Amino acid sequence: MHKIHTLDDVNVSDQRVLLRLDLNVPIKDGIIIDDERIDKIMPTLRELINKKAKVIICAHLGRPKGLDESLSMQLVATALSKKINRDVALISDYGLAPEMTHDLQPGQVVMLENLRFHEGEEKNDMTFAQQLAELADIYVNDGFSVSHRAHASVEAITHLLPSFAGRLMEREIAALTQAFDNPKEPIIAVVGGSKVSTKLNILKSLAKKAMYIVPAGGIANTFILAHKQQVGKSLCEPDMVDMVLEIENVALHSGCTIIPPSDVVVVESLEAGAVHKICTPQDLHYNDMIVDFGPRTVTDIYKIAQLCRTFIWNGPLGVFEIPPFDNGSVTLANKIASLTSTRDLYTIAGGGETIAVLNRAGVMEKFSYVSTAGGAFLEWIEGKSLPGVEALKKSNVVIKNKSSKVANGN
Ligand code: 3PG
């Protein structure tokens, strides 16, 4: 396997660095409501500034179809500028980018407007990548969470510029490699949330590796349905019943135990503070809706986690966005966080909703690693290779001198 080059392998001083970041932050009413992704890339940005690189940030926001001013990077550039206490000029017109980046000073930072305003980005178009490459001497990818996309600023660009991983990229790869490729065993994995069909593929892959898997949320309900039990009005995907049976078969053959809920929280109508009861899945009524795991199930998971060395978590146990149905998820987050230090349990979590749960429980810092990635985290769990990471491994474009680049062997 090829080694990924990092910032330890290059002298960035006085070099124009094209820095790909994932700054796809949630924005509501013109305000960034969670700047976790900005904070996570600060070590790389600060290092580049301190080492006197000339930094050209490129990133995307949302999924625009062409130019869409509501998805401009301006808010993000302003937020970033406050954090580093220096100007971050936004280059809206890519036609002017060569001129605006030509005379950058060491330590200066600029940002390109939303990459996805350009058709070539999502098409992994070499001409668009060339346009980006002409702005810089070196490419650094610190956007692990967009590295499952074969886009021009993630993949094609690595064929044109000497390419390096940023510090966040390094940390993400190291943590995910430890959890999935080289884990301390036994493993327990909890996979919940509402996107049942997407997550079932992940469970299938985990069933081959983990000693225990815990389907949660809508996934758990689909498992209950697969056993011809009543799920009432609970979220589930009846079309996925065959897939559930397939997962059970894989688990059976690989010695993996699937943990079903022993109790669940149910309501008749879904609203904050709704009257609810706790019952076993066998006692569900046709009018009931499962909204959380009950306390007995959370304790079951906690007890099993005590027997394990790695705990993987993606997706809440229930409808955590409507209190008090976040109880199960928050209680589990607290219990697992405590095991991280007391039982030498390697605890890794990823995905936006899971991060929201950990934040609500106040245990973000207590997990061994929390990935900022959503889709990329899931694809890694599934065992898929990520185009952005693969491209960094393969990139063999080297710096010849400050102003020109040649590919190895050419
Ligand atoms: C994310 O938010 O997960 C990344 O920025 C990727 O975004 P995408 O799913 O729109 O490609």
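Just so it is clear, the model here is predicted, and its values are computed rather than measured.
A heavy-atom distance below 4.5 Å is found between the side chains of Phe223 and Ile247. Under the 4.5 Å side-chain criterion, counting only non-hydrogen atoms from C-beta, Arg167 is not in contact with Ile41. Within the 4.5 Å cutoff, the side chain of Thr101 has heavy atoms near those of the Val110 side chain. The closest side-chain heavy-atom distance from Ile84 to Ile49 is below 4.5 Å. Residues Ser163 and Asn141 form no side-chain contact, since every pair of their non-hydrogen atoms from C-beta on lies 4.5 Å or further apart. Using a 4.5 Å cut-off on side-chain heavy atoms (C-beta onward), Ser72 and Glu113 make contact. Using a 4.5 Å heavy-atom cutoff, the side chains of Met364 and Glu36 are in contact. Proximity of Ser13 to Pro106: side-chain heavy atoms (C-beta onward) are nowhere separated by under 4.5 Å.
For the side-chain hydrogen bond (donor to acceptor under 3.5 Å, both in side chains) condition, the pairs that include at least one residue of residues 242-252, sequence neighbours left out, are Lys204-Glu246, His227-Glu248, Asn249-His253.
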For this session: In sequence, state the C-alpha distance, the side-chain angles, and the governing distance for Val146 and His60, and then conclude on side-chain contact (heavy atoms from CB on, under 4.5 Å).
Result: CA-CA 9 Å; Val146 68; His60 72 279; 3.5 Å; yes
For this session: Apply side-chain contact (heavy atoms from CB on, under 4.5 Å) to the pair His151 and Leu115, showing each step before the final yes or no.
Result: CA-CA 10 Å; His151 290 176; Leu115 287 159; over 6 Å; no
For this session: Evaluate the side-chain contact (heavy atoms from CB on, under 4.5 Å) criterion for residues Tyr346 and Phe367: first the C-alpha distance (whole Å), next the side-chain angles of each, then the deciding distance (0.1 Å), finally the verdict.
Result: CA-CA 8 Å; Tyr346 186 77; Phe367 267 58; over 6 Å; no
Exercise. Run the side-chain contact (heavy atoms from CB on, under 4.5 Å) check on Cys279 and Val264 step by step: do they pass?
Worked result: CA-CA 6 Å; Cys279 65; Val264 288; 4.3 Å; yes
For this session: Determine, step by step, whether Asn11 and Lys51 satisfy the side-chain hydrogen bond (donor to acceptor under 3.5 Å, both in side chains) criterion, reporting the C-alpha distance in whole Å, the side-chain angles of both residues, the deciding distance to 0.1 Å, and the verdict.
Result: CA-CA 8 Å; Asn11 179 4; Lys51 288 182 171 170; over 6 Å; no
For this session: Please step through salt bridge (Lys or Arg N to Asp or Glu O under 4.0 Å) for the pair Asp326 and Arg360, ending with a clear verdict.
Result: CA-CA 9 Å; Asp326 54 350; Arg360 200 168 299 174; 3.0 Å; yes
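In this structure, a donor-acceptor pair under 3.5 Å is absent between the side chains of Glu390 and Ser385. The closest side-chain donor-acceptor pair between Thr44 and Asp142 falls under 3.5 angstrom. Between the side chains of Gln74 and Thr78, at least one donor N or O sits under 3.5 Å from an acceptor N or O.
Nearest heavy atoms, Gly107 versus Arg86: O-NH1, 2.8 Å. Closest of all the heavy-atom pairs between Val190 and Ala216 is CG1-CB, 4.4 Å. Residues Val244 and Ala226 come closest through the heavy atom pair CG1-CB, 3.6 Å. Scanning both residues, Val55 and Leu104, for their nearest heavy atoms gives O-CD1, 4.4 Å. For the residue pair Thr347 and Lys366, the shortest heavy atom distance occurs at OG1-O, 4.3 Å. When all heavy atoms are compared, the tightest approach of Phe377 to Trp313 is CE2-O, 4.2 Å.
A salt bridge is defined here as a Lys NZ or Arg NE, NH1 or NH2 lying under 4.0 Å from an Asp or Glu carboxylate O, and Arg116 with Asp68 fails to meet this definition. Using a 4.0 Å cut-off between a side-chain N of Lys or Arg and a carboxylate O of Asp or Glu, Lys54 and Asp137 do not qualify as a salt bridge. Between Asp14 and Lys52 there is no salt bridge, since no side-chain nitrogen of the basic residue lies less than 4.0 Å from a carboxylate oxygen of the acidic one. A salt bridge is absent between Asp22 and Lys40: the closest approach of a Lys/Arg side-chain nitrogen to an acidic carboxylate oxygen does not fall below 4.0 angstrom.
Although no hydrogens or angles enter the test, the distance criterion places no donor-acceptor pair under 3.5 Å between the side chain of Asn114 and the main chain of Met73. With hydrogens and angles ignored, the 3.5 Å screen pairs a side-chain donor or acceptor of Asp263 with a backbone N or O of Thr297. At distances below 3.5 Å, not a single donor-acceptor pair connects side-chain atoms of Thr354 with backbone N or O atoms of Ala349.
Between the OG atom of Ser234 and the CG atom of Asn221 there is a distance of 4.5 Å, given to the nearest 0.5 Å. Asn287 CG to Lys233 NZ: the interatomic distance, rounded to the nearest 0.5 Å, is 4.5 Å. For the atom pair Lys199 NZ and Asn314 CG, the distance stands at 4.0 Å (nearest 0.5 Å). Rounding to the nearest 0.5 Å gives a distance of 5.5 Å between OG of Ser153 and OH of Tyr139. For the atom pair Asp292 CG and Ser329 OG, the distance stands at 5.5 Å (nearest 0.5 Å).
Proximity of the aromatic rings of His276 and Phe325 is defined here by a centroid distance below 6.0 angstrom, and this criterion is met.
Shown are Thr222, Asn201, Val196; of these, the side-chain contact (heavy atoms from CB on, under 4.5 Å) with Met243 is made only by Asn201. The salt bridge (charged side-chain N to carboxylate O under 4.0 Å, His left out) test with Glu121 is passed by exactly one of Lys65, Arg149, Arg20: Arg20.
The side-chain hydrogen bond (donor to acceptor under 3.5 Å, both in side chains) check on Lys335 picks up nothing, with sequence neighbours excluded.
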